[in-house]
Amino acid sequence: MADDLLVIIPTRGRPHTIPEIMLAWDGTGATADVLFAVDTDDPELAGYKKHAADLKADSRVRFTFGKRRRLVGTLNAQAVKAAKTHRFLAFLGDDHRPRVADQPWDERIRICLSGGPGIVYGNDLLQGEKMATAVAMTSDIVTTLGYMCPPALVHLCADLCWVDWGRGMGRITYLDDMVIEHLHPAASKAEMDEVYEDCNSPERAEQDAAAYYDYRDNGGLEADLAELRKLVAYSNGGALPAGTTSATNTTGSAEAVIKGAS
């Protein structure tokens with residue numbers, strides 16, 4: 001039987017991360033389903049297929065192989081399908097690792113999102129509360145918008161959009177003590193490789209930044225927030241409750257996402 005939380009991990013050129021990620025799953029006691037989305041033109045495709053065969057008996061794990069859509073395109077394609085079968089959806093990069101805590105990180109996600117439409121993210125030990133570099137949300141957000149991230153983006157700035165959504169709909173929680181570590185070169189926790197060089201090139205940064213600012217400032221964000229606020233209102237019997245727009249949890253225990261709107 002499928003878990004109610006699916007974690008989607010687009011991955012390219014790094015089959016060695018698959019056993020590392022599954023070790024993190026086992027070490028943290030996570031039961032969430034995980035979907036590795038792999039490009040069929042990946043130079044390391046054979047390595048991914050070997051891991052898929054090795055993990056075939058693990059009911060938590062699925063692999064999908066498809067044409068290259070880049071990170072946002074792949075995430076959106078898989079999230080829209082998965083929203084039909086899972087209550088909660090999450091994104092992790094293949095360079096994110098959940099860390100051991102008193103309570104499993106995936107259980108904290110479920111509890112925080114149990115109160116209705118919302119977004120939750122943890123501490124990546126790099127950007128912290130500023131950016132949701134790894135994120136979880138209720139699947140009705142994806143169903144409502146038709147995507148998990150604005151499709152004008154390719155790779156960067158998705159984490160900014162998720163924070164914008166959560167704050168704008170008044171349903172976001174940052175869990176400082178839920179560590180999902182980002183093993184990124186910017187934190188001196190990984191070496192630069194072809195994937196990092198491509199995704200963080202000046203050209204990619206400029207194009208994704210321009211797409212993000214256009215989305216934020218020229219009507220795209222407000223249009224999406226209008227739909228998300230309707231979703232929140234519907235879940236509350238037709239009215240947006242007054243309250244705070246965000247919450248930072250440093251108590252060491254999970255709590256339901258704040259139900260509020262500015």
Side-chain angles (χ1 to χ4, degrees), residues 2-12 14-38 48 51 54-55 58-63 71 74-75 78-79 82 86-114 118-139 148-149 158-159 162-163 166 172-190 247-257:
D3 195 277
D4 57 358
L5 169 61
L6 176 68
V7 181
I8 303 171
I9 304 181
T11 179
R12 183 176 177 86
R14 300 171 182 155
H16 65 278
T17 64
I18 304 301
E20 296 173 8
I21 291 168
M22 294 316 303
L23 186 63
W25 246 246
D26 294 337
T28 59
T31 62
D33 289 342
V34 57
L35 173 65
F36 295 104
V38 182
Y48 282 112
H51 287 308
D54 292 343
L55 291 165
D58 191 330
S59 61
R60 299 170 301 177
V61 185
R62 288 189 288 130
F63 282 76
L71 186 145
T74 297
L75 179 60
Q78 298 305 320
H86 291 77
R87 184 181 177 191
F88 311 117
L89 298 174
F91 159 77
L92 268 64
D94 60 11
D95 56 356
H96 283 95
R97 301 290 182 274
R99 297 310 187 194
V100 175
D102 292 338
Q103 186 176 18
W105 57 276
D106 59 330
E107 182 60 20
R108 296 197 71 185
I109 286 172
R110 294 185 193 90
I111 293 171
C112 280
L113 297 179
S114 64
I119 290 173
V120 61
Y121 65 111
N123 187 353
D124 71 347
L125 303 183
L126 177 59
Q127 298 294 346
E129 191 169 2
K130 292 185 295 183
M131 296 183 184
T133 67
V135 72
M137 63 186 67
T138 51
S139 60
M148 193 169 177
C149 185
D159 37 28
W162 293 322
V163 173
I172 189 167
T173 298
Y174 168 68
L175 299 172
D176 185 70
D177 57 334
M178 183 179 78
V179 176
I180 301 180
E181 188 173 6
H182 198 181
L183 303 178
H184 194 277
S188 301
K189 295 176 180 179
T248 299
N249 184 329
T250 58
T251 65
S253 61
E255 63 189 26
V257 68

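Sequence positions, counted from 1, serve as the residue numbers for this chain.
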Closest heavy-atom pair and its distance - [X], [Y]:
{"X": "Ala82", "Y": "Leu6", "result": "CB-CD2, 3.4 Å"}
{"X": "Ile109", "Y": "Ala136", "result": "CG2-CB, 3.5 Å"}
{"X": "Ala24", "Y": "Arg97", "result": "CB-CD, 4.5 Å"}
{"X": "Arg60", "Y": "Trp25", "result": "NH1-CD1, 3.9 Å"}
{"X": "Tyr48", "Y": "Arg14", "result": "OH-N, 2.9 Å"}
{"X": "Ala32", "Y": "Val7", "result": "CB-CG2, 4.1 Å"}

Any side-chain heavy-atom pair of [X] and [Y] under 4.5 Å:
{"X": "His184", "Y": "Asp124", "answer": "no"}
{"X": "Gln78", "Y": "Leu89", "answer": "no"}
{"X": "Leu23", "Y": "Ile21", "answer": "no"}
{"X": "Phe88", "Y": "Thr138", "answer": "yes"}
{"X": "Arg12", "Y": "Thr74", "answer": "no"}
{"X": "His51", "Y": "Pro15", "answer": "yes"}
{"X": "Asp95", "Y": "Thr17", "answer": "no"}
{"X": "Gln103", "Y": "Asp177", "answer": "no"}

Could you measure the distance from the [atom1] atom of [X] to the [atom2] atom of [Y]? Nearest 0.5 Å is fine.
{"X": "Glu181", "Y": "Leu92", "atom1": "CD", "atom2": "CG", "result": "12.0 Å"}
{"X": "Leu5", "Y": "Asp33", "atom1": "CG", "atom2": "CG", "result": "8.0 Å"}
{"X": "Phe63", "Y": "Ile9", "atom1": "CZ", "atom2": "CD1", "result": "9.5 Å"}
{"X": "His182", "Y": "Ile180", "atom1": "NE2", "atom2": "CD1", "result": "11.5 Å"}
{"X": "Ile8", "Y": "Leu75", "atom1": "CD1", "atom2": "CG", "result": "5.5 Å"}
{"X": "Leu55", "Y": "Met22", "atom1": "CG", "atom2": "CE", "result": "6.0 Å"}

- Task: Take Asp106 and Thr31 through the test side-chain contact (heavy atoms from CB on, under 4.5 Å) and record every step on the way to the result.
- Result: CA-CA 7 Å; Asp106 59 330; Thr31 62; 3.5 Å; yes

Keeping [X] on the side-chain end and [Y] on the backbone end, is there a donor-acceptor pair under 3.5 Å?
{"X": "Ser139", "Y": "His86", "result": "yes"}
{"X": "Trp162", "Y": "Cys149", "result": "no"}
{"X": "Arg62", "Y": "Ser59", "result": "no"}
{"X": "Tyr121", "Y": "Gly128", "result": "no"}

- Start with the C-alpha gap between Asp3 and Arg110, add the side-chain angles, then the distance that decides, and say whether side-chain contact (heavy atoms from CB on, under 4.5 Å) holds. CA-CA 11 Å; Asp3 195 277; Arg110 294 185 193 90; 2.9 Å; yes

